[in-house]
A.B. asks: 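Before anything else, here's the structure in question.
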Amino acid sequence: MVLCPVIGKLQHKRVVLASASPRRQEILSNAGLRFEVVPSRFKEKLHKASFATPYAYAVETAKQKALEVAGRMHQKDLRAPDVVIGADTIVAVGAMILEKPVDKQDAYRMLSRLNGKEHSVFTGVAIVHCCSKDISGPGRTLRLTLSSWAPRAHPTDGRLDTEVSEFYEETTVKFSELSEELLWEYINSGEPMDKAGGYGIQALGGMLVEYVHGDFLNVVGFPLNHFCKELARLYYPPRPEDLRRVRHDSIPAVDTFENLSDSEAGGSDPGQSAKGGRGGEQADGDRSQAPRALDAALNGADSRPPFPTGLLELMDGFKASKVLFTACKLRLFDVLKDQGPLQAADVARKLSTCAGRTEQLLGVCAALGLLEKTRRGYGNTEVATLHLVSDGEHSLQGLAEYNDAHVWGVFTRLGLAVREGADQTRGVLGAMEEERLSQNRELTLQFMRAKHSLSKLTAHHVATAFDLSRFASACDLGGCTGILARELAQEYPRLQVTVFDLPEVTELSGGFQRGGRQTERIRFVPGDFFKDSLPEADLYVLSRILQDWPDDKLHKLLSRISSSCRPGGGLLVAEAVAEEEGASRSPRLRTLSAGQPRSPDEHRRLLQRHGFRDVRVARAGDLLCVVLGTRAAP
Ligand SMILES: C[S@@+](CC[C@H](N)C(=O)[O-])C[C@H]1O[C@@H](n2cnc3c(N)ncnc32)[C@H](O)[C@@H]1O
């Protein structure tokens, strides 16, 4: 890490963020920190009046949050993480502390207090270094996973040593003079509800703010700059000669950590430590020594292999998918959209599920960033509202349902497919599709919902990958619910589009139509592209079709298209490809279930072999590659 080597110091450690706040998660992951999220269960119930200052309250809350997580993880696995980070953000007007509003009236009271004035935003941060005295030895790396839901017997003599470093950051914010109407409009947007002080500066709330003095990210929820300085102070204790130059009550200058490298750190004496930044004291009050747990980490950790966080996450990846699928299937996100936030017991009642398991499911969903937990209970995060609520414009519910019901099963046969070769696997999905579609209406609808969800994400990219305005008519073969047809009609105002698909699909396509002017230029024609004559068109489109069929079927289809296409007409193919350098995980995994993926070059050759020339290739968003060829004269 060139910008900030101190973040790199945590790279080989198991770091846990004891906060469900997606904003904190984003700030830290953008800074390159790798960490797990284990939201704290510490109830924010400290007696505010017993603290001399608002920031002392924020620091103590942050510390209790982090210690609760460290203790719980240690108890569960007898191996605490190496570092737990806790944070608490509050807004203060003078000595009065404003936390998260409990309802709209409360939000109104808070925002009125802030109106036209300056206030302070404090974030208290605690960095807890843990040192498990683990009877089973340092190699034991049990993790908090779904499998640990079941009660397990643990040895009880493991001890947890913690060393806490804590600090706070203050930022001054001034609100403009705001009208009642504007305040209520903002409150009714729903944004204030889970935010300290009742506003979020990073979104709509930014419009209320006249100026900010100090660290902006501190107002968002985490003072990254001070955090890095604190890490620098802990991990790079200055050499004795530097100590003479550092004023004891000052925060290390930014370049103190920016310019440090590992070799510089190696030359320093871990037994020496600078005094803390503002509030930056260790719990034991001994400012001249690096924390004992930290000292052990500095001296011992580098000789141990890096903690394989990414690998362990991969091993648990299927559980995360199942959690998502289960929550979708239970319609959890729909219930929270309509009635949330809700406490776990209320969710269980509404879903008619087991209370204990539901609470665990909610907790994992929060850790996965699908839910947010506030004092009022669980609510959907932005991504869940956008993509996991079933009736949303951008809903991926259908895809989750289909992956759970079908793709899951296909992947259980991956070993067989790999052993027996591509020819055995290519075509599995195409054949399964035919079988499924002929089975029953509900399965067909489920299949269509999945294709519809995914196509909504990609249709625009496919329609605009090339300029198709020279074509007057198009036929989308296997066009399913007509999402791509709609996008083509929208993009090219004179284009007439035919969606050609199996009768069981076209029969149900009406339920997916949204109306609008372009619909007049779209028609659905039932038929089988292997048997029936293809509708006439200037341009044929195959989107996500070829990958599902074995070579003999694929050539049959391409040759039928080639015979129907007049010279000068076109063929547009959109497929996931996996072989490009740097292709991300998602398309690679998707093509895996479809048999052996073809590269863009293979697609080019396929089209050329079937009489198309001037074949061009383009990317369409993150997921697909699009190939366009022009039919040559026979
Ligand atoms: C993987 S989906 C692709 C859907 C859509 N083109 C997309 O990009 O999302 C395959 C489509 O081909 C259709 N299909 C499968 N066999 C077919 C056949 N023999 N004739 C016509 N359509 C067929 C399926 O009904 C389904 O809509």
A.B. asks: Could you report the tightest heavy-atom contact between V37 and S19, atom names first, then the distance?
C.D. replies: CG1-O, 3.2 Å
A.B. asks: Quick check: closest heavy atoms across V69 and A18, and the distance to 0.1 Å?
C.D. replies: CG2-CB, 3.5 Å
A.B. asks: Does the side chain of F325 come within less than 4.5 Å of N403's, by heavy atoms?
C.D. replies: yes
A.B. asks: I'd like to know if the side chain of K451 and the backbone of F447 have a donor-acceptor N/O pair within less than 3.5 Å.
C.D. replies: no
A.B. asks: Would you call D404-K322 a salt bridge at under 4.0 Å N-O?
C.D. replies: yes
A.B. asks: Is it the case that the ring center of F529 lies less than 6.0 angstrom away from the ring center of F500?
C.D. replies: no
A.B. asks: Within this structure, what is the CG-CZ distance for the pair L342 and R349, rounded to the nearest 0.5 Å?
C.D. replies: 9.5 Å
A.B. asks: Can you check whether I187's main-chain N or O pairs, donor with acceptor, with E191's side chain at less than 3.5 Å?
C.D. replies: no
A.B. asks: Specify the closest pair of heavy atoms between L10 and V15, including all atoms of both residues, with the distance to one decimal.
C.D. replies: O-CG2, 3.8 Å
A.B. asks: Which is it for E36 and R14 under the salt bridge (charged side-chain N to carboxylate O under 4.0 Å, His left out) test, yes or no, and what are the steps along the way?
C.D. replies: CA-CA 8 Å; E36 298 159 51; R14 187 183 180 196; 2.9 Å; yes
A.B. asks: Are any non-hydrogen side-chain atoms of L484 and S455 less than 4.5 angstrom apart?
C.D. replies: no
A.B. asks: Is any side-chain heavy atom of I483 closer than 4.5 Å to one of F512?
C.D. replies: no
A.B. asks: Pick out which of L388, V389, L362, L370 makes a side chain to side chain contact (heavy atoms under 4.5 Å, CB included) with L332.
C.D. replies: L362
A.B. asks: Flag the pair L361 / L330 as yes when at least one side-chain heavy-atom distance between them is below 4.5 Å, and no otherwise.
C.D. replies: yes
A.B. asks: Would you check, one step at a time, whether the test side chain to side chain contact (heavy atoms under 4.5 Å, CB included) holds for V128 with V83?
C.D. replies: CA-CA 6 Å; V128 174; V83 178; over 6 Å; no
A.B. asks: Quick check for you: to the nearest 0.5 Å, what is the distance between S21 atom OG and D194 atom CG?
C.D. replies: 8.5 Å
A.B. asks: Which distance, rounded to the nearest 0.5 Å, do you find between the NE2 of H452 and the CG of L457?
C.D. replies: 10.5 Å
A.B. asks: About how many Å separate CD of Q547 and CG of L554, when rounded to the nearest 0.5 Å?
C.D. replies: 11.0 Å
A.B. asks: Between E575 and R544 (salt bridge meaning N to carboxylate O under 4.0 Å), is one present in this structure?
C.D. replies: no
A.B. asks: Kindly say whether the aromatic ring centers of F530 and W549 come within a distance under 6.0 Å.
C.D. replies: yes
A.B. asks: Does the pair Q446 and H406 meet the rule for a side-chain hydrogen bond (donor to acceptor under 3.5 Å, both in side chains), with working shown?
C.D. replies: CA-CA 10 Å; Q446 187 183 63; H406 300 287; 3.1 Å; yes
A.B. asks: Do R619 and H461 come within less than 4.5 Å of each other through their side chains, counting heavy atoms only?
C.D. replies: no
A.B. asks: Return the minimal non-hydrogen interatomic distance between T123 and G221, and the atom names on each side.
C.D. replies: CG2-O, 3.7 Å
A.B. asks: My understanding is that only residues two or more places apart in sequence, or in another chain, count here; which of them pass ring-ring contact (aromatic ring centres under 6.0 Å, His included) with Y199?
C.D. replies: H119, F175
A.B. asks: List the steps, then state whether side chain to side chain contact (heavy atoms under 4.5 Å, CB included) holds for R23 with K195.
C.D. replies: CA-CA 11 Å; R23 296 170 287 279; K195 316 265 182 337; 3.5 Å; yes
A.B. asks: Please assess E68 against R72 for the test salt bridge (charged side-chain N to carboxylate O under 4.0 Å, His left out), listing each intermediate value before the final yes or no.
C.D. replies: CA-CA 6 Å; E68 186 278 323; R72 179 154 43 97; 2.7 Å; yes
A.B. asks: If you take all heavy atoms of A465 and A618, which pair is closest and at what distance?
C.D. replies: O-CB, 4.2 Å
A.B. asks: Under 4.5 Å between any side-chain heavy atoms of F35 and I85, yes or no?
C.D. replies: no
A.B. asks: Out of curiosity, L17 CG to K65 NZ, how far, rounded to the nearest 0.5 Å?
C.D. replies: 9.5 Å
A.B. asks: Which pairs count as side-chain hydrogen bond (donor to acceptor under 3.5 Å, both in side chains) when at least one residue sits in residues 384-398, sequence neighbours excluded?
C.D. replies: R331-Q397, D334-S390
A.B. asks: Please examine the side chains of V627 and P600, heavy atoms only from C-beta on, and report whether any two atoms are closer than 4.5 Å.
C.D. replies: no
A.B. asks: Kindly compute the distance separating OG1 (T444) from CE (M448), expressed to the nearest 0.5 Å.
C.D. replies: 8.0 Å
A.B. asks: Should R449 and E442 count as an ion pair when the cut-off is N to O under 4.0 Å?
C.D. replies: yes
A.B. asks: Please find the pair of heavy atoms, one from F333 and one from A384, that lie closest to each other, and give the distance.
C.D. replies: CD2-CB, 3.8 Å
A.B. asks: Using modelled atom types and a 3.5 Å cut-off, is there a donor and acceptor pairing between side-chain atoms of R375 and backbone atoms of K100?
C.D. replies: yes
A.B. asks: Do E372 and Y378 meet the criterion of a side-chain donor-acceptor pair at a distance under 3.5 Å?
C.D. replies: no
A.B. asks: Would you mind reporting whether V220 and I201 have side-chain heavy atoms less than 4.5 Å apart?
C.D. replies: yes
